[in-house]
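See below for the structure under consideration.
Worth knowing before you read on, the calculation uses all heavy atoms, side chains too, and leaves out hydrogens, waters and symmetry mates. Only a predicted model underlies this, so the values are computations on that prediction, with no experimental measurement involved.
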Amino acid sequence: MNTLKYQSQAVAKPYFIFAMILFVGQILFGLIMGLQYVVGDFLAGAIPFNVARMVHTNLLIVWLLFGFMGAAYYLVPEEAETELYSPKLAIILFWVFAAAGVLTILGYLLVPYSTLADLTFNELLPTMGREFLEQPTITKIGIVIVALGFLFNLGMTILKGRKTAINMVLLTGLIGLAVFFLFAFYNPANIALDKYFWWFVVHLWVEGVWELIMGAILAYVLIKVTGVDREVIEKWLYVIIAMALITGLLGTGHHFYWLATPEYWQWIGSIFSALEPLPFFAMVLYAFNMVNRRRREHPNKAATLWALGTAVMAFLGAGVWGFLHTLAPVNYYTHGSQITAAHGHMAFYGAYAMIVMTIISYAMPKLRGIGEANCNRAQVVEMWGFWLMTVAMVFITLFLTGAGVLQVWLQRLPENGEALSFMATQDKLTIFYWLREIAGVVFLLGLFAYLASFWVKEKQA
Amino acid sequence: MSESFTKGMARNIYYGGSVFFLLMLLALTFHTTKEMPKRDHRENITESVERGKMLWEVNNCVGCHSLIGEGAYFAPELGNVYVRRGGEAGFKAFFKGWMNAQPLNIPGRRQMPNFHLNDQEIDDLAEFLKFTAEMDVNGWPPNDEG
């Protein structure tokens with residue numbers, strides 16, 4: 001059965017499938033790291049912690065990018081009411097990006113990192129070895145090429161078609177993603193400057209342009225599943241992303257408190273980042289409001305659940321847990337503690353992993369020719385996946401927060417001579433790390449349930 | 001509100017607001033980069049410090065450690081390790097001994113790999129950590145434990 005409005009939307013399917021495969025890898029390496037937190041020498045020779053972490057975070061970033069790209073290829077043609085400019089280019093770029101991603105991960109796993117740097121001629125343009133930007137320079141160049149081809153393809157599609165607010169916001173977000181990534185190539189010898197502009201990639205991605213992408217995808221799915229008037233949904237989309245950028249751009253300042261930078265950042269960063277929860281709170285109100293005002297009963301209940309879930313979890317993870325440690329006087333004690341880790345986990349899951357699963361949940365039944373929605377049994381299994389993963393992530397966050405509070409108490413608050421050392425403190429946190437690992441296993445089970453839902457069929461009568 | 005507040009107005013707030021605050025960020029960045037030389041003491045960046053930073057990067061030290069709070073939280077903060085481990089008098093001797101003693105192979109303990117750095121490289125890395133510790137970062141961390 002053909003259920004696509006535009007045939008070229010089909011290119012989204014490999015992007016979504018590959019994203020899910022990488023997601024599994026991300027979680028497996030997360031579990032390895034979680035175990036290394038308590039059994040320090042677990043796999044220490046084969047997969048040192050730094051390697052596992054690189055794989056864990058890089059897989060996350062790459063699978064989210066695959067998800068964003070799949071989302072764009074799926075929704076842009078439908079919004080523009082025209083076929084994609086070049087489906088062939090989209091498929092070629094898929095294979096280029098997938099190959100580059102797999103080779104990079106294999107490089108991390110198979111040779112020492114310094115050897116990988118040598119093999120990829122890092123010394124010609126050194127960009128490696130910075131958190132989240134560990135990819136060899138050649139991979140980074142590949143990412144830029146893929147991004148350019150991708151934006152060209154989408155831009156040409158939108159140019160010849162209808163220019164909806166959703167398409168324009170999504171495109172702005174994706175262009176911003178590509179532009180800010182260019183700061184990854186700036187790596188001065190001065191570590192302070194290096195860090196300052198490193199945040200132009202990291203912060204302006206996740207607390208800036210990615211929120212546009214998230215907002216656009218959420219708005220698209222809300223229009224589809226609720227049938228609420230596009231004018232209303234797009235108006236609130238603009239309000240939300242306006243708030244996101246107005247708070248988030250100067251909110252960058254919360255990374256400049258302790259960085260050879262003027263003290264005024266402690267004021268600017270505190271004030272603006274304290275407002276960063278607002279757009280996420282607005283997103284919760286908006287998602288629930290639109291679903292309550294729905295004009296149709298869409299059969300894909302799972303997609304609606306994901307759409308509401310991502311708004312709530314993004315608010316909790318990015319908004320509430322971000323606010324917890326964003327004020328400069330608080331951050332002085334919490335900076336770089338397990339509280340940061342707690343925030344990072346829930347924010348990435350809530351805002352970005354869940355928005356990708358929202359669009360996958362909505363689009364996959366159509367891409368697979370099943371129809372508007374999966375059968376009821378499949379949706380029930382999918383919702384099991386949703387709840388197991390989401391509740392597990394809440395517990396991961398709570399356990400890491402517990403660890404972080406205790407860490408600050410023992411290691412940061414006391415004076416010199418009375419404060420425990422880092423390693424002595426870590427020993428005291430063991431129970432939290434064990435509980436986090438158990439929650440991580442539950443998360444993996446949830447992921448398996450979620451993936452299994454793709455194979456569940458209605459019982460034969 | 002929903003009647004008089006139109007999509008066009010919302011769009012204008014979005015475009016106007018984001019352009020304005022992007023320009024603010026750029027202006028403050030311009031000012032900050034003018035101020036930073038006074039605080040980061042970049043006049044102390046020697047060739048050795050530069051080589052040390054490169055070694056820091058190509059061995060992915062930030063994959064376990066944090067540096068001024070950023071990085072991984074698996075191993076101790078190193079932005080002030082120079083101060084914590086002896087400073088001018090004792091840091092280099094401590095650091096060389098430490099690097100060469102890895103891996104410690106204590107059962108169950110988190111394990112640092114041996115990166116097989118030669119004496120020159122260990123000295124360069126130490127110089128980089130000294131430079132980092134001597135930057136003025138507004139008094140962080142709260143105590144020497146990092």
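Within the 4.5 angstrom heavy-atom criterion, atoms from both the backbone and the side chain of A/A260 approach chain B. Only the backbone of A/L420 has a heavy atom closer than 4.5 Å to any heavy atom of chain B. Heavy atoms closer than 4.5 Å to chain B are found in the backbone of A/M128, but not in its side chain. Within the 4.5 angstrom heavy-atom criterion, only side-chain atoms of A/Q266, from C-beta onward, approach chain B. Heavy-atom distances place no part of A/F132 under 4.5 Å from chain B, backbone and side chain included. Contacts between A/P136 and chain B at a heavy-atom distance below 4.5 Å are absent for every atom of the residue. Using a 4.5 Å cut-off between heavy atoms, A/E134 contacts chain B through its side chain alone, with no backbone atom that close. Contact annotation for B/H31: both backbone and side-chain heavy atoms come within less than 4.5 Å of a heavy atom of chain A. Contact of A/Q407 with chain B is not made at all, since no heavy-atom distance falls under 4.5 Å. With a threshold of 4.5 angstrom between heavy atoms, A/D427 does not approach chain B through any atom at all. In this structure, no portion of A/T127 lies under 4.5 Å from any heavy atom of chain B. Neither the backbone nor the side chain of A/L43 comes within contact range of chain B; no heavy atom of the residue lies under 4.5 Å from a heavy atom of that chain. In this structure, the portion of B/E35 lying under 4.5 Å from any heavy atom of chain A is its side chain and not its backbone. Residue A/F42 does not touch chain B at all, counting heavy-atom pairs closer than 4.5 Å.
By the 4.5 Å heavy-atom criterion applied to side chains, B/E70 and A/W199 are counted as neighbours. Counting only heavy atoms from C-beta outward, the side chains of A/R130 and B/N60 never approach each other to under 4.5 Å.
For a heavy-atom cut-off of 4.5 Å, chain B lies close to A/I241, A/A242, A/L245, A/I246 in residues 240-247 of chain A. Applying a 4.5 Å heavy-atom cutoff, the residues of residues 120-144 of chain B that approach chain A are B/F128, B/F131, B/T132, B/M135, B/D136, B/V137, B/N138, B/G139, B/W140, B/P141, B/P142, B/N143, B/D144.
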Given salt bridge (charged side-chain N to carboxylate O under 4.0 Å, His left out), test A/R412 with B/E77 step by step and report yes or no. CA-CA 12 Å; A/R412 292 277 173 79; B/E77 161 69 33; 5.6 Å; no

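Donor-acceptor pairing under 3.5 Å is lacking for the side chains of B/K53 and A/N190.
Ranked by heavy-atom pairs under 4.5 Å with chain A, the first of B/A75, B/P37, B/G16 is B/A75. Among the candidates B/E50, B/R42, B/H41, B/M24, the residue making the largest number of heavy-atom pairs closer than 4.5 Å to chain A is B/R42. Considering only heavy-atom pairs separated by less than 4.5 Å from chain A, the leading option among B/L55, B/I45, B/L22 is B/I45. Each of B/I13, B/I68, B/T33 has some count of heavy-atom pairs under 4.5 Å with chain A, and the biggest count is that of B/I68.
The heavy-atom pair separating A/D41 from B/G108 by the smallest distance is OD2-N, 2.8 Å. The heavy-atom pair separating B/E145 from A/F422 by the smallest distance is OE1-N, 4.4 Å. Considering all non-hydrogen atoms of both residues, A/A44 and B/Q111 come closest at CB-CB, 3.9 Å. The two residues A/S114 and B/N59 have their closest heavy-atom pair at CB-OD1, 3.8 Å. The two residues B/F5 and A/V239 come nearest to each other via the heavy atoms CE2-CG2, 3.5 Å. For the residue pair B/M54 and A/N122, the shortest heavy atom distance occurs at SD-ND2, 4.4 Å.
Using cut-offs of 30° and 60° for the angle between ring planes, the A/Y37 and B/F74 rings count as perpendicular.
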